Amino acid sequence: MTTSDYLLISRGQWDDTASPQDVQDAIDRFYTWYERGLAEGVLKPGSRLENRGKRVTRDGITDGPFAEAKELVGGYWFIVAESLEDAARIASENPCLAFGLTLEIRPLEAARAGAEDVTNETPAAWRSRGG
């Protein structure tokens, strides 16, 4: 049975209708789920993210983050699973989903970035490969 690592990205904001007690309960249940997943070996450590940062581009450095509030990344964790479907099943048990947060699961590429020769590749070809 071969497993792979998947990145779990938490996005969004809490529902406007969720009370502070609802949110705190979901957070408490999240940490119970998270600690159990670590103990079972289906989760690896990750972290919540602060709501501040910097954006670095070829034009310079500016304050951020810059995503719309509904798309804001709030944290990341790692899932160890046999398939993307299995990783999604594990993520679906996250208690925070009940109050408006969404989760994105992405497989980690096994190949080293840059291992392919992309020097003559067009941006459209690169995007079609998932870049």
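This chain uses plain numbering: 1 for the first residue, then up along the sequence. The structure presented is a predicted model; accordingly, all values stated were derived computationally and were not measured.
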Which heavy atom of Leu97 sits nearest to which heavy atom of Ala91, and what is that distance?
CD1-O, 3.7 Å

Kindly assign one of parallel, tilted or perpendicular to the pair Phe99 and Trp14, based on the angle between their ring planes and the thresholds 30° and 60°.
tilted

Closest approach of Ala87 and Ile105, non-hydrogen atoms and distance?
CB-CG2, 3.8 Å

Taking a hydrophobic cluster as the set of Ile, Leu, Val, Met, Phe, Trp and Tyr residues connected by side-chain heavy atoms closer than 4.5 Å, whether directly or through intermediates, do Leu7 and Leu101 fall within one such cluster?
no

Output the distance between atom CG (Leu43) and atom CG (Leu8), rounded to the nearest 0.5 Å.
7.5 Å

Supply the atom-to-atom distance Tyr6 OH to Glu82 CD, rounded to the nearest 0.5 angstrom.
9.0 Å

Is there a side-chain contact (heavy atoms from CB on, under 4.5 Å) between Ser10 and Tyr76? Walk through the geometry before answering.
CA-CA 6 Å; Ser10 174; Tyr76 67 95; over 6 Å; no

Quick one: which of Arg48, Lys54, Arg52 gives a salt bridge (charged side-chain N to carboxylate O under 4.0 Å, His left out) with Glu50?
Arg52

Could you state whether Leu38 and Ile79 fall into the same hydrophobic cluster, counting links through intermediate Ile, Leu, Val, Met, Phe, Trp or Tyr residues with side-chain heavy atoms under 4.5 angstrom apart?
yes

Under 4.5 Å between any side-chain heavy atoms of Pro45 and Trp77, yes or no?
no

Is there a path from Tyr31 to Val42 through hydrophobic residues (I, L, V, M, F, W, Y) whose side chains come within less than 4.5 Å of each other?
yes

Test item: Leu108 and Phe78 side chains (from C-beta on) under 4.5 Å apart, heavy atoms:
yes

Least distance between heavy atoms, Ala81 atom then Asp86 atom
CB-OD2, 3.6 Å

Between Asn94 and Cys96 (side chain of the first, backbone of the second, donor and acceptor by atom type, cut-off under 3.5 Å), is there such a pair?
yes

The salt bridge (charged side-chain N to carboxylate O under 4.0 Å, His left out) partners of Asp28 (sequence neighbours excluded) come to none

Phe30, Ile90: one ILVMFWY side-chain cluster at the under-4.5 Å cut-off?
yes

In terms of side-chain heavy atoms, does Ser19 have a donor or acceptor partner in Asp22 at a distance below 3.5 Å?
yes

Minimum heavy-atom separation for Asp15 and Ala98, please, with both atom names.
OD2-O, 4.0 Å

May I ask whether Trp33 and Leu103 are part of the same hydrophobic cluster, defined by side-chain heavy atoms of I, L, V, M, F, W, Y residues being less than 4.5 angstrom apart, directly or through others?
yes

